[in-house]
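Worksheet: one structure, shown below.
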Amino acid sequence: MTAGDFEITHVQPARFRWDGGAYFGVVPKTLWGRKVASDDLNRIEVAFNCYVVRTGEHTILIETAAGDKLDARSRERMAMPPKAEDLRDAIAAQGIDPESVDIVVNSHLHFDHCGGNTILTPSGAVPAFPRARYVASRPEWEHAHTRHPRDSVSYNDANYDPLVDSGRMTLVDGDYEIAPGVWMRRAPGHNRDMCIVTAESAGRTFCFWSDLVPTANHIQPTWVLAFDLYPLETIDQKSKWLARAADENWLCGFSHDPEIAFARVERDEKTGFRAVAA
Ligand SMILES: [Zn+2]
């Protein structure tokens, strides 16, 4: 897909399963169950979605999936194969040389968004993209280190601290232009400092929603993940950003939709917005 002069490529290194109730928060299963099937453990199928934005000057990887640091029990619980997905292979399968990635951006530091930043070796975690500069939010990184009981399970320091220590990861505050036209934009709700990523070229915009809108089924502003720390803010941020996406006909990518790689947002009288596969 393209957005102006930018080429946008969807990379899905793996799918997994997660509790449907956790994905739809206070929405009763009688409603979400009409849209998505669940297995006998109440798990729905979701995915790790990453996107590569090629600007002509830079090859920017948005998110790095779960990587190689989940233990066998977690992988089984998530219905994932015992062997970790290889993000570099998944990128190569889309015709992009993983060595060409020169910027990696993490929308936030939950393990399912930055686990592939590094690869474990006997001598410790090393960068999976050796040529790249990594970018993440400083207040999110600080929050990760507070180890709050509510969300500490979402963080694994091996995914980012070796990069921070070696000076490869730039920690930024608030909205930040990663490369000309490509922005991290703070969209709190899922947690305090999560960012969406926008890439704008020649009047066209691609937007990676991250966990603000994890799947197309979360396009209704009130359908919010149970994980979200600040659900009211999620609703407000979704209403604001989705309105802009609809008005400006943005091309959009969801963090965890297993089927829809790209979509556009339209207004809907009943639900506020609807996603239309692009
Ligand atoms: Zn998250």
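Both ligands and their constituent atoms are indexed starting at 1 by order of listing.
- Using cut-offs of 30° and 60° for the angle between ring planes, the Tyr51 and Phe206 rings count as tilted.
- Glu76 meets the side-chain contact (heavy atoms from CB on, under 4.5 Å) test with no other residue; sequence neighbours excluded.
- Considering only heavy atoms from C-beta on, Phe16 comes within 4.5 Å of Phe48 through its side chain.
- Sorted by chain and number, the protein atoms of type N, O or S within less than 2.8 Å of the Zn ion (ligand 1) are His108 NE2, His110 ND1, His190 NE2, Asp211 OD2.
- Listed by first and then second residue, the salt bridge (Lys or Arg N to Asp or Glu O under 4.0 Å) pairs that reach into residues 230-245 are Arg244-Glu248, sequence neighbours excluded.
- Considering His113, His218, Glu45 as possible partners of His256, the one that fulfils the side-chain contact (heavy atoms from CB on, under 4.5 Å) test is His113.
- The salt bridge (Lys or Arg N to Asp or Glu O under 4.0 Å) pairs that include a residue from residues 153-163 are Arg147-Asp157, where partners are two or more places apart or lie in different chains.
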